[in-house]
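In this text, all values refer to a predicted model and were calculated from it rather than measured experimentally. Note: hydrogens, waters and symmetry copies are ignored here, and every other heavy atom, side chains too, is used.
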Amino acid sequence: MEQFSGKTVCPGIAFGRICIFEKPDLAIDASPSPDPEGERRAFRDAVRTADGQLAALFEKTKREVGEDEAQIIDIQRMMLEDEDFLGEVETLIREESSRAACAVDRTGKRFYAQFTALEDPYMKARAPDIADISHRLTAILTGADTSFSLRGGSILAAEDLTPSDTLGIDKRMIRAFVTRRGSTNSHTAILARILKIPSIVQADFPLGQDLNGKEAAVDGHRGIIYLEPDGKTENRLREQAERDRDEEKSLDALRGLPTVSRSGQKIELAANIGGVEDLEAVLANDAEGIGLFRSEFLYLGRSDYPGEEEQFAVYRQAAAAMEGKRVVIRTLDIGADKQADYFGIDKEDNPALGYRAVRICIDRPGMFKTQLRALYRAAAFGKVAVMFPMITSLWELKRCKALAAEARQELAGQGVPFGDPELGIMVETPAAALCAGELAGEAAFFSVGTNDLTQYTLAVDRQNAKLEPFLDTRHPAILRLLEMIVESAHRAGIWAGICGELAADPRMTASFLSMGYDELSVSPGCILGLRKRIRTLD
Ligand code: PEP
Ligand code: MG
């Protein structure tokens with residue numbers, strides 16, 4: 001048995017087989033093809049090759065993991081026969097002389113968006129299958145290395161994972177994530193916590209292909225990976241997993257109870273989500289609302305902007321699922337580590353200090369208004385609140401509000417139903433914290449983004465693993481800013497919450513209560529534990 005250690009970003013125990021993730025380089029040529037008939041034949045050949053690969057994967061998964069996981073692959077094989085999908089690809093090839101890989105990519109993304117927006121949970125759950133199939137086909141067509149294919153029960157090991165990589169991976173196949181790089185506060189780590197998948201970053205783990213398929217165990221409590229664990233280790237980890245399950249079961253008793261301290265102080269416990277696929281966890285963990293819906297994940301891992309209808313369907317679904325509880329949807333916070341090529345953002349030396357979030361939205365009002373229209377329309381279906389990220393100055397907030405008013409006016413003029421969401425801001429720059437008094441006069445609420453507030457206040461890049469010894473999330477400067485923010489909010493009569501990762505830190509809960517915060521928004525899996533803690537505090 002060999003063992004390697006790293007930093008835990010999501011606790012828990014997992015057993016599985018190592019699957020080394022290597023990002024396939026899919027060079028998709030979008031120029032027209034001189035030979036559409038050749039493209040059509042190549043496409044049909046690729047479908048046959050993909051079917052052969054999936055048949056082999058089905059057998060392997062059934063043998064090594066189990067019938068249930070193998071079913072996922074069988075469903076994908078059936079989808080390879082879907083006439084709508086095949087027909088649309090061939091239409092693009094025939095009518096637009098699209099190259100086969102490009103036609104598959106475009107069709108796959110369109111189908112993915114359509115399925116994601118469906119209400120029926122079974123159909124909705126087919127979206128990752130579509131993404132997987134079109135990825136497999138494009139990889140075959142572009143000659144990319146297709147050796148990376150996930151089996152069920154995988155421990156995914158990678159050099160690093162971007163938020164787009166993580167979103168693009170079929171999470172049903174994953175039992176744990178292990179990366180050699182990555183920081184504990186990165187968006188990938190945040191996603192892993194939302195998904196509640198045991199994860200370790202900065203692992204001193206070799207990534208040789210000879211490890212592919214090897215049995216391993218991940219101890220996400222202690223940040224240790226065991227290769228081919230011995231019997232004693234396996235027993236110890238299985239006992240720990242049993243204790244984790246017991247602890248989780250005991251938290252069930254907290255469902256439905258109010259989040260109130262022993263002295264009667266109430267605080268709202270909301271959930272952070274990355275998309276509607278997290279709603280199930282939000283409801284299962286009895287969240288009192290959604291305090292941060294990171295809408296930018298809807299824009300990642302695709303080749304074009306999501307349109308108004310697609311966004312509206314997603315936001316409406318979140319609003320309706322929460323049945324009158326508040327759903328705070330943050331407007332697009334793209335840039336820095338969250339990149340999508342189709343935005344055409346120039347490479348920057350300091351992307352965290354660069355063209356991101358409201359800076360892009362203010363600069364591209366047409367694109368921003370598409371999102372705002374979708375948000376206002378969704379607000380007719382529940383208690384939606386809209387939150388602007390990365391505000392540093394009062395004029396930015398005023399400009400965002402003016403664009404929101406324009407979107408609202410357009411809808412009214414067109415007779416489209418809409419609601420009136422609260423318009424608040426993330427306080428995540430030192431400038432916003434220091435000007436909280438002025439901003440509170442214009443904002444309906446504040447939600448403190450401690451991840452960025454810490455990065456910008458301490459001048460420590462949250463993506464840089466080397467700087468973690470300097471990333472003191474409870475630095476006195478941060479605590480002072482947190483006090484100032486809530487005081488300014490309450491003086492102006494607005495509510496204030498915290499949605500950065502610090503909100504879930506149990507060492508801070510008593511301080512947040514005594515500062516007077518109204519809301520804490522955390523990963524769904526942290527809600528019940530935090531409720532338990534608050535109910536024991538005076
Ligand atoms: C934050 O900065 O604290 C935050 C919640 O937003 P994100 O982590 O998405 O930047
Ligand atoms: Mg932030």
Side-chain angles (χ1 to χ4, degrees), residues 117 268 270-276 278-279 282 287-299 306-333 357-358 361-362 365 367-391 394 396-428 432 439-449 489 492-497 499 518-519 521:
E268 194 174 308
N272 291 350
I273 64 169
V276 283
D278 300 325
L279 285 172
V282 171
E288 294 157 37
I290 291 174
L292 170 62
F293 181 153
R294 289 180 163 94
S295 73
E296 59 277 7
F297 289 138
L298 199 59
Y299 291 69
E308 179 179 323
E309 289 309 317
E310 182 185 343
Q311 294 196 51
F312 166 57
V314 167
Y315 305 149
R316 182 186 61 183
Q317 196 187 339
M322 295 311 289
E323 296 180 333
K325 292 176 183 154
R326 190 191 284 122
V327 177
V328 180
I329 304 179
R330 171 170 83 185
T331 59
L332 179 66
D333 185 8
V358 287
C361 292
I362 289 171
M367 176 202 72
F368 193 26
K369 275 205 285 184
T370 301
Q371 180 172 43
L372 291 166
R373 284 173 59 102
L375 289 166
Y376 269 78
R377 286 174 62 191
F381 293 84
K383 193 174 175 189
V384 170
V386 172
M387 175 157 76
F388 303 117
M390 278 294 288
I391 295 286
L394 190 58
E396 295 165 344
L397 172 56
K398 286 188 174 164
R399 182 76 189 121
C400 290
K401 285 177 71 180
L403 289 167
E406 277 177 31
R408 182 186 187 282
Q409 189 126 23
E410 281 172 21
L411 293 170
Q414 294 159 350
V416 180
F418 60 88
D420 267 315
E422 287 179 296
L423 301 180
I425 63 165
M426 293 206 58
V427 181
E428 54 182 344
L439 290 165
E442 282 290 331
F445 63 90
F446 285 163
S447 185
V448 187
I494 64 171
W495 64 269
C499 63
D518 305 287
E519 180 232 41
S521 191

Which atom pair, heavy atoms only, marks the closest approach of Glu422 to Ala444? CB-CB, 3.9 Å
To check you understand the geometry: which heavy-atom pair defines the closest contact between Leu403 and Pro365, and what is its length? CD2-CB, 3.8 Å
Inter-residue atom distance Ile329.CD1 - Ile273.CD1, 0.5 Å rounding: 7.5 Å
Let me confirm one number: the CZ-CG distance from Phe293 to Leu298, rounded to the nearest 0.5 Å. 6.5 Å
Using a 6.0 Å cut-off, check whether atom CD of Gln409 has over 12 heavy atoms from anything other than its own residue. no
Taking salt bridge (charged side-chain N to carboxylate O under 4.0 Å, His left out) as the test, write out the residues that go with Arg294, two or more places apart. none
Indicate the atoms forming the closest heavy-atom contact of Glu519 with Gly291, along with that distance. OE2-CA, 3.4 Å
How far does SG of Cys400 sit from CD1 of Ile425, to the nearest 0.5 angstrom? 10.0 Å
Closest contact, heavy atoms only, Leu279 versus Ala321: CD1-CB, 4.0 Å
Shortest non-hydrogen contact between Leu372 and Ala407, atoms and distance: CB-CB, 3.9 Å
I'd like to check the side chain to side chain contact (heavy atoms under 4.5 Å, CB included) partners of Ala271; sequence neighbours left out, ordered by chain and number. Val282, Ala287, Pro524, Ile527
State which residues pass side chain to side chain contact (heavy atoms under 4.5 Å, CB included) with Arg408; sequence neighbours excluded, sorted by chain then number. Tyr376, Phe418, Asp420
Let me confirm one number: the CD-CE distance from Glu428 to Met387, rounded to the nearest 0.5 Å. 8.0 Å
Exercise answer: donor-acceptor pairs, residues 312-319 side-chain atoms, under 3.5 Å, sequence neighbours excluded:
{"from": "Tyr315", "atom 1": "OH", "to": "Gln311", "atom 2": "OE1", "distance (Å)": "2.6"}
{"from": "Tyr315", "atom 1": "OH", "to": "Gln371", "atom 2": "NE2", "distance (Å)": "3.0"}
{"from": "Gln317", "atom 1": "OE1", "to": "Lys124", "atom 2": "NZ", "distance (Å)": "2.9"}

Ala357: partners by side chain to side chain contact (heavy atoms under 4.5 Å, CB included), with sequence neighbours left out: Asp333, Pro389, Met390
Rounded to the nearest 0.5 Å, how far does CG of Leu332 lie from CZ of Phe368? 8.0 Å
Please list, chain by chain and in numerical order, all residues satisfying side chain to side chain contact (heavy atoms under 4.5 Å, CB included) with Lys383, sequence neighbours excluded. Arg326
When rounded to the nearest 0.5 Å, the distance separating CD of Glu396 from CG of Leu394 is 9.5 Å
Report the residues that fulfil side-chain hydrogen bond (donor to acceptor under 3.5 Å, both in side chains) with Glu308, sequence neighbours left out, ordered by chain and then residue number. Arg373, Arg377
Which residues pass the side-chain hydrogen bond (donor to acceptor under 3.5 Å, both in side chains) test with Glu442, sequence neighbours left out? Lys401
Holding to ring pair (Phe, Tyr, Trp, His ring centres under 6.0 Å), I want the full list of residues that pass it with Tyr299, two or more places apart in sequence or in another chain. none
Residues passing the side-chain hydrogen bond (donor to acceptor under 3.5 Å, both in side chains) test with Asp518, sequence neighbours excluded, are His490
Restricting to salt bridge (charged side-chain N to carboxylate O under 4.0 Å, His left out), what partner residues turn up for Glu296, sequence neighbours left out? Arg330, Lys338
Could you check whether any side-chain heavy atom of Leu423 comes within less than 4.5 Å of a side-chain heavy atom of Val386, counting everything from C-beta outward? yes
Residues at least two apart in sequence or cross-chain that pass salt bridge (charged side-chain N to carboxylate O under 4.0 Å, His left out) with Lys369, listed by chain then number, are Glu406, Glu410
In terms of heavy-atom contacts, Phe446 and Ala443 come closest through CE2-CB, 4.0 Å
